[in-house]
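Take a look at the structure set out below.
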Amino acid sequence: MEEYKLIDKLFELREEDGIKDIQKDMSFLRNRIKGIKREEIENLICNVPHENKEKLFNKIDNLIADYNIMLAYYNKKYYKQGFEDALEIERKCK
């Protein structure tokens, strides 16, 4: 039970930083994503004449690239934060 209190406390301490991080995240991602909307792809699929198939495939490729960029960014960011938290816990336990 005690370890859950420690995790809750760590979350509370990082929560305020999290708000700042979200703003940084949005700024970071805004400059990197291609801005493809799902609705745009759905409309293309519904109305796709043969000559637009290449455009459709390019949009889908860009959407996948956007997700990959975001996933890579968040994986790196939160892995580092978790590692820092673990080191801090270890330091405080000594």
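Residue numbers count from 1 along this sequence.
- Screening residues 74-83 for side-chain hydrogen bond (donor to acceptor under 3.5 Å, both in side chains), with sequence neighbours left out, gives R14-Q81, D21-Q81, D25-K77.
- Other residues, nucleotides and ligands contribute over 12 non-hydrogen atoms within 6.0 Å of the CD atom of E42.
- Clustering ILVMFWY residues whenever any of their side-chain heavy atoms sit less than 4.5 angstrom apart, transitively, puts I41 in the very cluster that holds M70.
- Looking at heavy atoms from C-beta onward, E90 lies in side-chain contact with L87 at the 4.5 angstrom threshold.
- One finds the CG atom of D66 at 9.5 Å from the CG atom of L29 (value rounded to the nearest 0.5 Å).
- K59 has its side chain within reach of K55: a pair of non-hydrogen atoms, C-beta onward, lies under 4.5 Å apart.
- Atom-to-atom distance recorded for K34:NZ and N58:CG is 11.0 Å, nearest 0.5 angstrom.
- Geometric assessment of R30 against the ring of F28 yields a negative cation-pi assignment under the 6.0 Å and 45° thresholds.
- The side chain to side chain contact (heavy atoms under 4.5 Å, CB included) check on I64 picks up I60, N68, with sequence neighbours excluded.
- Taking Y67 as the reference, nothing meets the ring pair (Phe, Tyr, Trp, His ring centres under 6.0 Å) condition, with sequence neighbours excluded.
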